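Because the structure is a prediction, the values reported are computed rather than measured.
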Amino acid sequence: LKTDSNGKLTATLSSGNSFEAGEAVVTATAGGISKELRFVFSDSASVGDLLIEADKRQIQANGIDAAQITVTVTNKNNVPLEGINVNLTIDPKNKYKFTVDGDGKTDSNGKLTATLTSGNSFEAGEAVVTATAGGISKELHFEFTAAVDLLIEADKFLIQADGSDK
């Protein structure tokens, strides 16, 4: 590495993708002289907890009814974290359907939203949605109820009002 015309060398230090708290020591040596600088990486941007909620937990298995799922990611001080990747999975796979809003990262309020429906399945059953961020996982259970169709039939629609028709 070489200095610029003013005798300065510029370098960038970052935590990369580790998101771990810790300390780093940078040592510069020139002309037999060494100097150290210590840097502390705070974990205030590290995921401390996540909360998974839904506006309802019982969904009619008709392909239309839906639950809105919200995942909120915070640090250890309960401050919402923006730009955190959240992985959502569903069990059983390929039976019910969920759609993640946006790019799979938390917004400026630390939230990620998704919509859960029965998709093409009209079967009653249970599903578990799991949200994972920063090594923390939380799950939410849902019940899909059978869609009810009601059919009323009659053999005639004109009935005598004298008690003779049935």
Side-chain angles (χ1 to χ4, degrees), residues 1 4 8-29 34-149:
L1 300 173
D4 65 14
K8 291 184 180 182
L9 174 70
T10 302
T12 301
L13 175 66
S14 75
S15 66
N17 292 327
S18 74
F19 301 112
E20 291 183 26
E23 186 175 292
V25 178
V26 175
T27 305
T29 304
S34 293
K35 294 283 183 172
E36 288 186 354
L37 283 175
R38 293 185 184 280
F39 297 88
V40 175
F41 289 95
S42 168
D43 64 354
S44 64
S46 297
V47 175
D49 198 10
L50 63 90
L51 174 66
I52 180 171
E53 301 173 291
D55 63 342
K56 60 183 172 180
R57 305 274 288 280
Q58 190 173 46
I59 304 167
Q60 196 175 58
N62 62 8
I64 299 169
D65 195 23
Q68 300 302 313
I69 300 170
T70 303
V71 179
T72 305
V73 180
T74 57
N75 67 11
K76 69 178 184 174
N77 297 318
N78 205 31
V79 175
L81 296 175
E82 179 179 3
I84 301 296
N85 288 318
V86 177
N87 183 37
L88 285 174
T89 58
I90 188 167
D91 184 37
K93 294 177 184 170
N94 303 321
K95 185 172 183 181
Y96 303 115
K97 178 183 176 185
F98 69 91
T99 306
V100 176
D101 301 333
D103 60 1
K105 293 183 179 185
T106 56
D107 64 15
S108 60
N109 297 312
K111 295 184 183 299
L112 173 97
T113 56
T115 303
L116 176 64
T117 68
S118 64
N120 293 327
S121 174
F122 296 97
E123 295 179 36
E126 293 184 4
V128 178
V129 173
T130 303
T132 304
I136 298 172
S137 293
K138 298 277 177 87
E139 59 184 39
L140 203 54
H141 295 255
F142 293 88
E143 178 185 0
F144 286 88
T145 59
V148 176
D149 284 83

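- By the 4.5 Å heavy-atom criterion applied to side chains, H141 and V128 are counted as neighbours.
- Under a 3.5 Å cut-off, the side chain of T113 and the backbone N or O of D101 do not form any donor-acceptor pair.
- Listed by chain and residue number, E143, T145 satisfy the side-chain contact (heavy atoms from CB on, under 4.5 Å) test with Q58 (two or more places apart in sequence, or in another chain).
- Of all non-hydrogen atoms in A124 and K95, the two that sit nearest each other are O-NZ, 3.9 Å.
- Applying the side chain to side chain donor-acceptor pair (under 3.5 Å) rule to T115 yields the partners Q68; only residues at least two apart in sequence or on another chain are considered.
- Remark: S121 OG to N62 CG distance equals 11.0 Å, nearest 0.5 Å.
- Checking each of I69, L112, N87 against V100 for a side chain to side chain contact (heavy atoms under 4.5 Å, CB included) leaves exactly one that passes, namely L112.
- S118 contributes a side-chain N or O that, together with a main-chain N or O of G63, makes up a donor-acceptor pair within less than 3.5 Å.
- To the nearest 0.5 Å, atoms OG1 (T74) and CD1 (I136) are separated by 8.0 Å.
- Using a 4.5 Å heavy-atom threshold, the side chains of T132 and T130 count as touching.
- Under a cut-off of 6.0 angstrom, the local environment of NZ in K97 is sparse, with at most 12 non-hydrogen atoms contributed by other residues, nucleotides or ligands.
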request  = Step by step, work out the side chain to side chain contact (heavy atoms under 4.5 Å, CB included) result for T106 and V86.
outcome  = CA-CA 7 Å; T106 56; V86 177; 3.8 Å; yes
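- Around the NZ atom of K105, the shell of radius 6.0 Å holds no more than 12 heavy atoms that belong to other residues, nucleotides or ligands.
- Here the straight-line distance linking atom OH of Y96 with atom CD1 of I90 works out to 8.5 Å at 0.5 Å rounding.
- Side-chain atoms of K138 do not come within 3.5 Å of backbone N or O of I52 as any donor-acceptor pair.
- More than 12 non-hydrogen atoms from other residues, nucleotides or ligands lie less than 6.0 angstrom from CG of D103.
- A side chain to side chain contact (heavy atoms under 4.5 Å, CB included) with V73 is found for exactly one of N109, N85, V47, namely V47.
- Rounded to the nearest 0.5 angstrom, L51 CG and T72 OG1 are separated by 5.5 Å.
- Rounding to the nearest 0.5 angstrom, the gap separating the CZ atom in F144 from the CD atom in E126 is 10.5 Å.
- Under the side chain to side chain contact (heavy atoms under 4.5 Å, CB included) rule, L116 has a single partner from L88, V129, L140, T99, which is V129.
- Heavy atoms of other residues, nucleotides or ligands lying less than 6.0 angstrom from CG of D4 number more than 12.
- Annotation for A146 and Q60: closest pair O-CG, 4.4 Å, computed over non-hydrogen atoms.
- In terms of heavy atoms, F142 sits closest to I59 at CD2-CD1, 4.0 Å.
- Scanning both residues, P92 and A127, for their nearest heavy atoms gives CD-CA, 4.1 Å.
- The shortest distance between side-chain heavy atoms of D91 and E139 does not fall below 4.5 Å.
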